[in-house]
There are 4 protein chains.
Amino acid sequence: MAREKGAKGKESRLRLLHAAARQFAVHGFHTTKVSSIVGEAKLSQPAFYLYFESKEAVFEELVDMFRTSLQAVINDSQLPQQESGQHSILDQLCHTIQSMFEYFYSHPDLTRIGFYQSPDADEIKMELVQGIEKMLRMEQRNGNLSTDMSMELVAECLVGTIERIIFTQLLPGTVSAEQLAIHIVRLYVSGLTRKQSKV
Amino acid sequence: MAREKGAKGKESRLRLLHAAARQFAVHGFHTTKVSSIVGEAKLSQPAFYLYFESKEAVFEELVDMFRTSLQAVINDSQLPQQESGQHSILDQLCHTIQSMFEYFYSHPDLTRIGFYQSPDADEIKMELVQGIEKMLRMEQRNGNLSTDMSMELVAECLVGTIERIIFTQLLPGTVSAEQLAIHIVRLYVSGLTRKQSKV
Amino acid sequence: MAREKGAKGKESRLRLLHAAARQFAVHGFHTTKVSSIVGEAKLSQPAFYLYFESKEAVFEELVDMFRTSLQAVINDSQLPQQESGQHSILDQLCHTIQSMFEYFYSHPDLTRIGFYQSPDADEIKMELVQGIEKMLRMEQRNGNLSTDMSMELVAECLVGTIERIIFTQLLPGTVSAEQLAIHIVRLYVSGLTRKQSKV
Amino acid sequence: MAREKGAKGKESRLRLLHAAARQFAVHGFHTTKVSSIVGEAKLSQPAFYLYFESKEAVFEELVDMFRTSLQAVINDSQLPQQESGQHSILDQLCHTIQSMFEYFYSHPDLTRIGFYQSPDADEIKMELVQGIEKMLRMEQRNGNLSTDMSMELVAECLVGTIERIIFTQLLPGTVSAEQLAIHIVRLYVSGLTRKQSKV
DNA sequence: TATGAATGAGAGTTCATTCAT
DNA sequence: CATGAATGAACTCTCATTCAT
């Protein structure tokens, strides 16, 4: 199976993958018919099975792509050099969130699939929570954050926020990734009370 | 059709409704088979159609129940009249959220359906956002909240948080509705910075 | 599955079973379509799955019926009381073979399936060989048979003969079960040479 | 189409033929996929259609090879001219059967196909029956065989035996072609009764 | 001579839904 | 009020076969 080698084959596979992502994102797994996928990809149904084992298999492939990319984004964005100097509080977190938002924004279908449609969604979000929790803990250790809240709970809250914001603000294009990241971090850091925040 | 009256009929209908809620909550709409619903309700398939027009119809009925109840909870919890003096900031919000959490906790299946499974989930959450936004605006007008953040955005963030917290903290029973409400509101009001809040 | 209880259900199941036997016997497993089975049984395709798990399942059920019945025939026909007196040589074998022939004749479809179409055919025939070998050994011990041939080989030969004779003589109705049994046993006992046999 | 000439072409064709024989012998016609045949032959699917019209066509070609060869074996082995005196009874038959066994043994795949898998199997066996019947009749006319049995029936019995013995004794290599031929003929000629035969 | 890529046709199976009782 | 029995419609997947190179 999947003996394809040449450029044409790879292109067809990609077309199918994109079409599948679109359909799954919009209609969900069950409502998406293989026939619509191949329809959008302008191929016949058997062609689908030339490149994928089953409808489930493509779905999983897409979910894995999302999952892997998301992890990569988190890891890669963690790099910004921690200089000795005064980077304002939580720059790191803000930067990571912005990077994630940028990824989500440029992969809306995968994001919808990975966050909404997949049975693994919970797991994926858990991983996200853990990543964020780690960052929060670090800041906490650095003395930048209050010690009387469970950072795990805060991370959960933040992930919930992120998740929702993606679909109501980011993907519709209402607000930019950067703005969104800034707003959210400021909110979480300083809260809603009058005294101005410094972020 | 066949508007049933007797007690037995009503009971059967209820059994089906509960069974459906359970199945939908656990397996989602498409994966839930009418046969499993009637199986759990210890009735036959035709009996199902004696009480409901279709599989979709029960689902919608359940979603509507959730939607309506949620609205009621919001409205009812809004009542505690603001007495004379200084009730600590955002008591109202905290109370509302706690009431909601209590409702969610006692109706986990409906909650899962209304928040996760339903195509109307977005709408329902929007309504929730609006309710919360209204409250936040009021506090803002009362001078209790910073004016340099969009209360709409904050409401969105808060709803995202609530939504996630329900499934990871509340329903598993890890934290009580009251505690959860307090924590969340404190987080949103005071933020994560060192200086302790008094909420 | 297969919740059928009433008389009508049982009758439908039987109709399907017969139709399946017919179709499998004539066309073999792969060429037989579920659509032809239900066609012959005057039912719709879903009805088929009301009574059987799959096309393979019916097939196996039929094979098992054949296998079991065949064993039963062998066992039951082994009973004829061994009197002290002179029952002519190999009466027992002859009687068993005749009983088998009678069964085959009255269940031609099952026989075709069990002997020709089933992947288990080899096993079934092996069982048959063993049954016959046992009888031959008994006669050998009784001093009725030559000791310089492997009874296992003879049993194999005999089963081959039986198998073929069924389809070319018995089922077409050319020769009766009784006549056939007598001829075969006589042939195997006395051989083809001039000196007359006494059977 | 495309009557190929070159050596490479002929070799590819042969490879396919062998692969097909193997696959058909093991899995039967329907379960054998063209893809497995070309897989075993290390060629691509279109290559298959370069040399054969269809899956059915190869199958028929193989069956025809078997059928023709078998006839040839029978005819050729009939040659050993009956010399002067008393060649022991049924030497001819024994020799023919041995020749056939030798052919079967060296062409196990074709044999399985021609005897088991082909729809023409019945016809092929009928031809075999006729060949053997002719020989038996000749011996009968020569006064070597009893006259009170139908030689047609005996031929049928013998073919059944041969058929089975091939797959349970010959092909597994348990017994040699020569030994097998001797045993069988002795059995059919002298039977199972005590008085020893001299064949 | 050979193949990567593609497809038409069809099979088995599932499921929500209804008929007859 | 309830069910055993049945079905229409649809969907996923397979396979022999061909096109274009």
Side-chain angles (χ1 to χ4, degrees), chain A residues 1 3-13 30 32-36 38 42-56, chain B residues 2 4-13 30-38 42-56, chain C residues 1 3-13 30-38 42-56, chain D residues 2 4-13 30-38 42-56:
Chain A
M1 291 157 208
R3 277 275 170 77
E4 79 291 341
K5 291 278 180 68
K8 205 175 172 201
K10 252 165 191 163
E11 209 226 286
S12 292
R13 191 178 201 281
H30 289 99
T32 293
K33 313 298 172 199
V34 174
S35 62
S36 345
V38 299
K42 308 231 163 175
L43 280 169
S44 66
Q45 293 221 28
F48 178 91
Y49 293 90
L50 210 56
Y51 298 105
F52 305 99
E53 286 243 315
S54 66
K55 184 180 148 188
E56 267 205 299
Chain B
E4 72 297 329
K5 292 282 181 64
K8 207 170 171 203
K10 254 172 189 160
E11 208 229 286
S12 291
R13 203 189 126 91
H30 288 100
T31 315
T32 293
K33 304 173 208 159
V34 174
S35 66
S36 342
I37 298 175
V38 300
K42 310 225 164 178
L43 281 169
S44 68
Q45 301 216 27
F48 180 91
Y49 292 90
L50 214 54
Y51 297 106
F52 305 98
E53 286 250 316
S54 67
K55 184 181 153 188
E56 273 205 298
Chain C
M1 290 157 209
R3 277 275 169 79
E4 79 290 341
K5 288 278 179 69
K8 206 175 172 200
K10 252 167 192 162
E11 208 225 286
S12 293
R13 193 180 198 279
H30 289 98
T31 316
T32 294
K33 313 297 173 202
V34 175
S35 64
S36 346
I37 297 176
V38 299
K42 309 233 162 175
L43 281 169
S44 67
Q45 293 221 30
F48 178 91
Y49 293 90
L50 209 56
Y51 298 104
F52 305 98
E53 286 244 315
S54 65
K55 183 180 148 189
E56 266 205 300
Chain D
E4 71 298 329
K5 291 280 181 66
K8 206 171 173 202
K10 256 172 188 160
E11 208 229 288
S12 291
R13 204 190 126 92
H30 287 99
T31 316
T32 292
K33 304 175 208 157
V34 173
S35 67
S36 342
I37 296 176
V38 300
K42 310 226 163 175
L43 281 170
S44 67
Q45 301 216 27
F48 179 90
Y49 292 89
L50 215 54
Y51 298 106
F52 305 99
E53 285 250 315
S54 68
K55 184 182 154 187
E56 273 204 298

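Protein chains get the first letters and strands the later ones, always in sequence-line order, with residue 1 at the start of each.
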Fill in the blank from the handout: Taken to the nearest whole Å, CD/B:Gln45 to P/F:dT7 is 16 Å

Problem - Contact nearer the 5' end of DNA chain E, comparing C:Glu56 with A:Leu43 - result: A:Leu43

Problem - side-chain hydrogen bond (donor to acceptor under 3.5 Å, both in side chains) against C:Gln45, all qualifying residues, sequence neighbours excluded - result: none

Exercise for the section: May I have the distance from A:Leu50 (atom CG) to F:dT17 (atom P), rounded to whole angstrom? Expected result: 18 Å

Problem - Interatomic distance, B:Lys55 atom NZ to B:Lys33 atom NZ [nearest 0.5 angstrom] - result: 9.5 Å

Exercise for the section: Respond yes when some side-chain nitrogen or oxygen of C:Tyr51 is under 4.0 Å from OP1 or OP2 of F:dA6, and no when none is. Expected result: yes

Exercise for the section: To the nearest Å, give me how far apart NZ (D:Lys55) and P (F:dT17) are. Expected result: 8 Å

Problem - Atom pair distance, as rounded to whole Å: NE2 in C:His30 and C1' in F:dA16 - result: 15 Å

Exercise for the section: May I ask you to evaluate whether D:Tyr49 reaches the phosphate of F:dT18, defined as a side-chain N or O under 4.0 Å from OP1 or OP2? Expected result: no

Completion exercise
Between A:Leu43 and A:Ser12, the two heavy atoms sitting closest are CD1-CB, 4.0 Å

Exercise for the section: Identify, residue by residue, the members of residues 31-38 of chain C with a heavy atom below 4.0 Å from DNA chain F, and return them in order of residue number, or none. Expected result: none

Handout entry: D:Ser44, nearest nucleotide to its side chain (from F:dA6, F:dA2, E:dT3)
Key = E:dT3

Problem - Terminal helix-axis angle for the helix from E:dA2-F:dT21 to E:dT21-F:dA2, with five pairs defining each axis and rounding to 10 degrees - result: 30°

Please tabulate, one pair per line, each protein N/O and nucleotide N/O from nucleotides 19-21 of chain F that are separated by under 3.5 Å, including the distance.
none

Fill in the blank from the handout: Residue set satisfying salt bridge (Lys or Arg N to Asp or Glu O under 4.0 Å) with D:Glu11, at least two apart, ordered chain then number -> D:Arg15

Fill in the blank from the handout: Assign each of D:Lys42 and A:Lys42 the nucleotide of DNA chain E bearing its closest heavy atom; nearer the 5' end lies the nucleotide of D:Lys42

Practice task
Can you sort out the partners of C:Thr31 under side-chain hydrogen bond (donor to acceptor under 3.5 Å, both in side chains), two or more places apart, ordered by chain and number?
Solution key: D:His30

Practice task
Please name all residues satisfying side chain to side chain contact (heavy atoms under 4.5 Å, CB included) with A:Lys42, sequence neighbours left out, ordered by chain then number.
Solution key: none

Problem - Any B:Ser12 side-chain nitrogen or oxygen under 4.0 Å from OP1 or OP2 of F:dA2 - result: yes

Completion exercise
Note: for C:Phe48 and D:Phe48 on DNA chain F, the residue whose nearest nucleotide lies more 5' is C:Phe48

Handout entry: Test side chain to side chain contact (heavy atoms under 4.5 Å, CB included) applied to A:Lys8 - qualifying residues, sequence neighbours left out
Key = none

